[in-house]
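Notes follow once the structure below has been shown.
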Amino acid sequence: MADPKTNDLMERIVSLCKRRGFVFQSSEIYGGINGFWDYGPLGAELKRNVKDQWWRSMTQQREDVAGLEATIIMSPRIWEASGHVQTFADLMVECPVTKKRFRADQVEESSGIVYKFSGAKDASGKTSADAFEVMVPAGKPKESALKVAKQFYQLRGLAAPEPIDNGEPAKVDKSTLYSPDSGARLSDPRPFNLMFKTFVGPVESEDNVAYLRPETAQAIFAQFKNVLETSRQKVPFGICQIGKAFRNEVTPRNFTFRSREFEQMELEFFIRPDEAVEAICGEVAKPKGPGHPGEPQTNWGWQMWHQYWVEERIRFYENIGLPRTTLVEYWQKPEELAHYARATVDILFKFPFSKKNEKGELMGEELEGVAARSDFDLSQHQRFSGKSQGVFDEELKISWAKLTPEKQTDLTKRYYETRFKYLTKTGVQAEQAERTAKEDAAGLAKGNYVPHVIEPSAGVDRLTLALICNAYAEEQAPDEKGKMEQRIVLKFHPRIAPIKVAVFPLLKNRPELVKKAMEVRDLLRPHMTVFYDEAGAIGRRYRRQDEAGTPFGVTIDFETLGENAPDQKDTVTLRDRDSMTQTRVNIKDLLGVLLEKVR
RNA sequence: GCGGGUGUAGUUCAAUGGUAGAACGGAAGCCUUCCAAGCUUCAUACGAGGGUUCGAUUCCCUCUACCCGCUCCA
């Protein structure tokens, strides 16, 4: 459990977000709506900067990634292929005593004696007519059944309940109706769907059901062929997308961290299967140790690509002001992996509300998952749509012809085996799977395969919140009279700061100062977000910008006008947010100096 | 969905069964030659709906939102 002090910190951050216009509760004047948040003026700028930085680094500055912007509502068949319809429609049951929930199909079978009660009464005359059943292992006395029953009726408001028997105890074998926790009879299964449902067209019938996408990834897979054909890309290459996604979470929590409407930045990077790499290069390069593996090479297998993207992503976070020390690189354990994943690395940020480990260190919350998804996704869409999602790889075809027959047989066999495993795992009958896997293996020899995927998938809102938490600082700073006062400052990296520079005339009742300040404002405005402020004492204006996270302040004073020292004419004060130090800069150099700092 | 806590200006807090006050913040003005100075003026709140009552921000109920613990988060 997080200690009270850190909770207070989070409360102060939330309060600042409201006060300065970073984040508001959605629909606030109507009492709000659970799990939805709006971004105010500063928050909108911040979030936009985050997305711009991501988009620029992911696609505009890379040769090998193309962008996509797909719709939120898509054919429901996409979610059948991806597994979301099935998985999200799981039935849940609940233990009435411990309140724990289980997936109905995952309750362990249990055997024993079942005691039944029709209700209970207590000494004060209160009664409950709720029926209750509990199973105890054979051989245990009736008292243990009574104990659970009493707990059940206590939860219904009876002080010292005396449960009323309802018929003879019965022996029950291998039943999934009873709680593995308490033995209590579980609630009836209820469907629980994490996807938001809607209807396309005017008729609200089951035929017209559609879903708001629970992730942006599937649109990329569904448009894989179109992008491949129009972008003149070849494997290995990626498709990236930024967009809204929706999940009807049970419990939205921790401010904007888990929301029901959120935004994702996802890259699906398509690579050759390892067998193809081996055919082309003779060997598959594998990671030699931790750290960034450098520029991509032809002989990289999925593990190298996976490590490459993990490191690229961490560099990105460092680049926008999240130091490595605030991040945690968490390698999911085999039992935690989704069924399609070969490896997943979660990149976590240490939020103030994160739980702590036994050493008292913050464990972090997920900002991004970098998953090696094999060829699962495209294969699923190929199977469900009946349209080939494979690619033809000229280089593979040429290299294959030069291999020894032994090597060809070896690679064919290995490729066959992984394809067969995938097919049978997803429910294809053995006979059919064997036939299809054989075709796939024969295709590899002709240069055909379904690409594998490395998926770095990040949450924009989580990252925005992380940046705010990381930037938040409370410091002591002297006021005009030298008395120490608390200063709250958001130390955003200039790249993502909502406002880059604030421009002030030292005094507002001097028209010459105001005029000059407005000229400076207009000089900078075409190039960056500028905030002009002339109200109140200069120190007050600096502090206001500290809370907004504005990295630079420019003040036009009497030196600027050349009144005090002629050699300082046309220079301004440039004030640094973090150090609060000031330097004099000539107005003609100002734009260049600032642009260098905010890029 | 369950359990616990909370809900009064933008924020942080008061008071009260007879419809609310402060500090900081905000706006306007005066003043002010670099870090929330001073003076004047102004605006802004009882989460929503019921009930009890002559009268409810206050008591009761329901809903809602936020926080915490479960649960959930393929």
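Note on naming: letters A, B, ... go to the chains in the order of the sequence lines (proteins, then strands), and numbering restarts at 1 for each one. On a predicted model such as this, the values are computed, not experimentally measured, just so you know.
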- To the nearest angstrom, the CD1-P distance between A/I29 and B/U44 comes to 17 Å

- When the C1' atoms of B/G47 and B/G18 are considered, how many whole Å apart are they? 23 Å

- Item | Candidate nucleotides B/C34, B/A74, B/C68, ranked by approach to the side chain of A/T555 - the nearest | B/C34

- Task: Using only side-chain N and O atoms of A/N248, determine if any of them is under 4.0 Å from OP1 or OP2 of B/C73.
- Result: no

- Is A/T573 touching bases, backbone alone, or none of the nucleic acid, heavy atoms closer than 4.0 Å? base

- Message: Let's test your reading of the model: under 3.5 Å, does the base of B/G25 pair with the side chain of A/R544 as donor and acceptor?
- Response: no

- Which residue lies toward the 5' end of RNA chain B, A/R20 or A/Y30, if each is placed at its nearest nucleotide? A/R20

- Task: State which of B/U12, B/G10, B/A65 makes the closest approach to the side chain of A/R19.
- Result: B/G10

- Just call it for A/K508: base, sugar-phosphate, or nothing, with non-hydrogen atoms closer than 4.0 Å on any strand. base

- Message: If I pick the C1' atom on B/A36 and the same atom on B/G26, what distance separates them, to the nearest angstrom?
- Response: 13 Å

- Nucleotide B/C68, atom P - distance to NZ of A/K355 in whole Å: 9 Å

- Assign A/G459 to base, sugar-phosphate, or nothing according to its heavy-atom contacts below 4.0 angstrom with the strands shown. nothing

- Minimum-distance nucleotide (side-chain atoms of A/R510 versus B/C34, B/U33, B/A74): B/U33

- Query: Can you find a heavy atom in the side chain of A/H452 that is under 4.5 Å from one in the side chain of A/W302?
  - Reply: no

- Query: A/W331 vs A/H306 aromatic rings, parallel, tilted or perpendicular, using cut-offs 30° and 60°?
  - Reply: perpendicular

- Task: Under 4.0 Å between any heavy atoms, over every strand shown, what does A/Q582 touch: base, sugar-phosphate, or nothing? Just pick one.
- Result: base

- Message: Side chain of A/Q25 only, heavy atoms from C-beta on: which candidate in B/C68, B/A37, B/C66 is closest?
- Response: B/C66

- Item | base_contact_polar (B/C73 base, A/E249 side chain, donor-acceptor, <3.5 Å) | no

- Query: Is any side-chain heavy atom of A/F384 closer than 4.5 Å to a side-chain heavy atom of A/S82?
  - Reply: no

- Same-atom distance (P) from B/G1 to B/C63, integer angstrom: 11 Å

- Query: Can you check the A/Q545 CD to B/G26 P distance for me, whole Å?
  - Reply: 11 Å

- Task: Check whether any side-chain heavy atom of A/R544 sits under 4.5 Å from a side-chain heavy atom of A/F531, and report yes or no.
- Result: no

- Task: Have a look at A/F255 and say if it touches a base, only the backbone sugar-phosphate, or nothing, with a 4.0 Å heavy-atom cut-off.
- Result: sugar-phosphate

- Using a cut-off of less than 4.0 Å, is there contact between a side-chain N or O of A/R540 and OP1 or OP2 of B/A37? yes

- At under 4.0 Å, does any side-chain N or O of A/N34 touch on OP1 or OP2 of B/U64? no

- Query: Side chain of A/M580: nearest nucleotide among B/C35, B/C66, B/C34?
  - Reply: B/C35

- Query: Using atom C1' of each nucleotide, how far apart are B/A20 and B/A14 to the nearest Å?
  - Reply: 10 Å

- With heavy atoms under 4.0 Å as the rule, sort A/E336 into base, sugar-phosphate or nothing. nothing

- Task: State which of B/U32, B/C72, B/C35 makes the closest approach to the side chain of A/L507.
- Result: B/U32

- Task: Not counting sequence neighbours, which residues clear ring-ring contact (aromatic ring centres under 6.0 Å, His included) with A/F376? List them please.
- Result: A/H339, A/Y340

- Task: Could you measure between the two C1' atoms, the one in B/C46 and the one in B/G10, and give it in whole Å?
- Result: 16 Å

- Protein-nucleotide distance (A/I13, atom CD1; B/C66, atom C1'), rounded to Å: 16 Å

- Message: Does any part of the side chain of A/L463, heavy atoms only, come nearer than 4.5 Å to the side chain of A/L467, both counted from C-beta?
- Response: yes

- Query: Can a donor-acceptor pair under 3.5 Å be found between the side-chain atoms of A/E485 and the base atoms of B/A37?
  - Reply: no

- Task: Report yes if some heavy atom in the side chain of A/Y542 is under 4.5 Å from a heavy atom in the side chain of A/V489; otherwise report no.
- Result: no

- Measure from the side-chain heavy atoms of A/I538 and tell me the nearest of B/A74, B/C34, B/A36. B/C34

- Taken to the nearest whole Å, CZ/A/R12 to P/B/C66 is 21 Å

- Residue that, paired with A/W37, satisfies ring-ring contact (aromatic ring centres under 6.0 Å, His included) out of A/F24, A/F22, A/F255: A/F255

- Query: How long is the line joining CG of A/D578 and P of B/C35, in whole Å?
  - Reply: 18 Å

- Item | P-based separation of B/G17 from B/U57 [nearest Å] | 13 Å

- Item | Minimum-distance nucleotide (side-chain atoms of A/R258 versus B/C73, B/C34, B/C68) | B/C73

- Determine which bases of RNA chain B form Watson-Crick or G-U wobble pairs with both distances under 3.5 Å, and write the result as a 5' to 3' dot-bracket string with | for other-strand partners. (((((((..((((....[..)))).(((((.......)))))....(((((..]....))))))))))))....

- Under-4.0 Å side-chain N/O to phosphate OP1/OP2 contact, A/K18 with B/G10: no

- Residue pair A/R584 / A/D557, side-chain heavy-atom distance below 4.5 Å: yes

- Message: Quick one: does any side-chain atom of A/R577 pair with a main-chain N or O of A/G549 as donor and acceptor, under 3.5 Å?
- Response: yes

- Query: Could a donor-acceptor pair under 3.5 angstrom be found where the side chain of A/R575 meets the base of B/C35?
  - Reply: yes

- Could you please name the option among B/C72, B/U33, B/U12 that lies closest to any side-chain atom of A/L506? B/U33

- Message: Applying a 4.0 Å non-hydrogen cut-off, can you work out what A/E215 is touching in the nucleic acid: base, sugar-phosphate, or nothing?
- Response: base

- Query: Given the C1' atoms of B/U11 and B/C72, what is the spacing between them in whole Å?
  - Reply: 33 Å

- Are A/R253 and A/F257 in a cation-pi contact, defined as NZ or CZ under 6.0 Å from the six-membered ring centre and within 45° of the axis? no

- Note on the structure: When rounded to whole Å, the NZ to C1' distance for the pair A/K425 and B/A74 reads 13 Å

- Item | 5'-most by nearest nucleotide on RNA chain B - A/A535 or A/I33 | A/A535

- Message: With a cut-off of less than 4.0 Å, is there a side-chain N or O of A/N509 near OP1 or OP2 of B/U32?
- Response: yes

- Measure the distance from CG on A/L16 to P on B/U12 and round it to the nearest whole Å. 11 Å

- Item | Pairwise P distance, B/C61 and B/U6 [rounded to whole Å] | 13 Å

